[in-house]
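Please read these numbers as outputs of a predicted model, since none were measured by experiment. Within every chain, numbering begins at 1; the chains are lettered A, B, ... in the order of the sequence lines, protein sequences first and strands thereafter.
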Number of protein chains: 2
Amino acid sequence: MGRTSDAKERILDSAQSLIYARSYADVGVQEICEKAGVKKGSFYHFFPSKSDLTLAVLEQYWAQFQTHILNPAFNNDIPPLKRFARFQNLVFEFHKQSKVDTGKLCGCPYGNLASELSTQDDHIRLKVKHIFSEIILYFKNNLKQASEAGECDCVDIDTTSRALFAYIEGIVILAKTENDPNVLKELSPHFYNLIH
Amino acid sequence: MGRTSDAKERILDSAQSLIYARSYADVGVQEICEKAGVKKGSFYHFFPSKSDLTLAVLEQYWAQFQTHILNPAFNNDIPPLKRFARFQNLVFEFHKQSKVDTGKLCGCPYGNLASELSTQDDHIRLKVKHIFSEIILYFKNNLKQASEAGECDCVDIDTTSRALFAYIEGIVILAKTENDPNVLKELSPHFYNLIH
DNA sequence: CTTGACCTTGACTTATCGGTCAACTAACAT
DNA sequence: ATGTTAGTTGACCGATAAGTCAAGGTCAAG
């Protein structure tokens, strides 16, 4: 089997934090390698291109997002509608902490890459599109449960889930532009107005 | 006065369309100059840096956005609440036409730059922040008129205006990620749920 | 203890990046 | 007509970009 190595993981972690804090284009392969303590040749041993690395980064984001935010938020230990509030609160705490650590509110990891690269790299656009659809699926399932529990009477669950997601995505980009996590707290309550 | 030239305008127009279609980082000064039919030396005669050029591009976006979308949309020839629908429709038509022309839905010109550069260039972030506040001001004034006309009973006009803006911003980024202008049509109706 | 797969290295390529500059040219005001 | 000023040019800078490659090193399994 040859030898093993954690270089791939170190590259992924470095790329994830660097690209999130800045942007895809602003972070070079070189810098990622330096932070990971790896030479560029090793980088291209693990990833065929910077674009492919970014696809892997998106997958890592997604796994962590499920583990640390989505699954805890939408766990069925509380009534469905309250889970949305818990979700928004976890997102708020994430950005608040992120700003404490780095001094900046960096926005949505997926939305950032979609904004920057959608018109240039279809693989990345489609990957983000898929992740978005998965998040919306969480919303949809939860909304259905809320409806069945009589917590709301929602006719168009599909579209409403997408509207809820769009609203949060918009809040986060406004928060990033104002570099202020309190925007999340300010605008979160209106979330429920989108549910009839 | 020395000689005159429209080179500055040509540079601005080229930069505007190129950066909107792609991204700040992906478009080089060289390419902007080539499209404008100008040498790089001339570029730096008019703009001290690429970042400053982008600030000027943002101002041009803003002037055009007011002329072609905001002012027509929020003209008081129809009841206030209907003006929001007219606004959303103009935004839809813009992205629809933009996709016909270029094959891609390019998103929000301001949001794109804010997403890409907010953590790296504070001048650009603050410029976008200011433009956002101006757009929200349109919303706010219109919401006030709607409230006074008895079309809605909105208590927190400030926050609601910001929520409305965030929602639209989110819709546009979802539409960009799916590369589909119909997302705007699909999610626009829910806009009114955000108004009590 | 050798084989072979896995990993690492560093030098390299080609291209482009944002930005500078001194010399030059054209047009306007007087 | 001429001086002044605005605009133009092309060569140039150091830095860095993504990506390549041949060679060598290291580990685990047989």
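Between B:K50 and B:G41, the residue whose closest nucleotide on DNA chain C is further toward the 5' end is B:K50. With DNA chain D read from its 5' end, the first of the two nearest nucleotides for A:G28 and B:K8 is the one closest to B:K8.
A donor-acceptor contact under 3.5 Å links the side chain of A:K40 to the base of D:dG19.
Across all strands shown, B:S5 has heavy atoms under 4.0 Å from sugar-phosphate atoms exclusively, and none from any base. Contact annotation for A:F46: backbone-only contact, meaning every heavy-atom pair under 4.0 Å involves sugar-phosphate atoms and none involves a base.
Between A:H45 atom NE2 and D:dC27 atom P there is a gap of 15 Å when expressed in whole angstrom units.
Each ring-ring contact (aromatic ring centres under 6.0 Å, His included) pair with one or both residues in residues 13-41 of chain A, not counting sequence neighbours, would appear here, but there are none.
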Going through the checks in order, is the side chain to side chain contact (heavy atoms under 4.5 Å, CB included) test met by A:K99 and A:N179? CA-CA 8 Å; A:K99 187 173 176 188; A:N179 194 28; 3.8 Å; yes

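Figure legend: A:K8 and A:F47 shown as a cation-pi pair, the cationic atom lying under 6.0 angstrom from the six-membered ring centre and within 45 degrees of its axis.
Remark: the A:N141 side chain and the A:Q145 side chain contain no N/O donor-acceptor pair separated by less than 3.5 Å.
Ranking C:dT8, D:dA18, C:dG18 by closeness to the A:S42 side chain, first place goes to C:dT8.
Proximity of B:Y44 to the phosphate of C:dT20: no side-chain N or O atom is located under 4.0 Å from OP1 or OP2.
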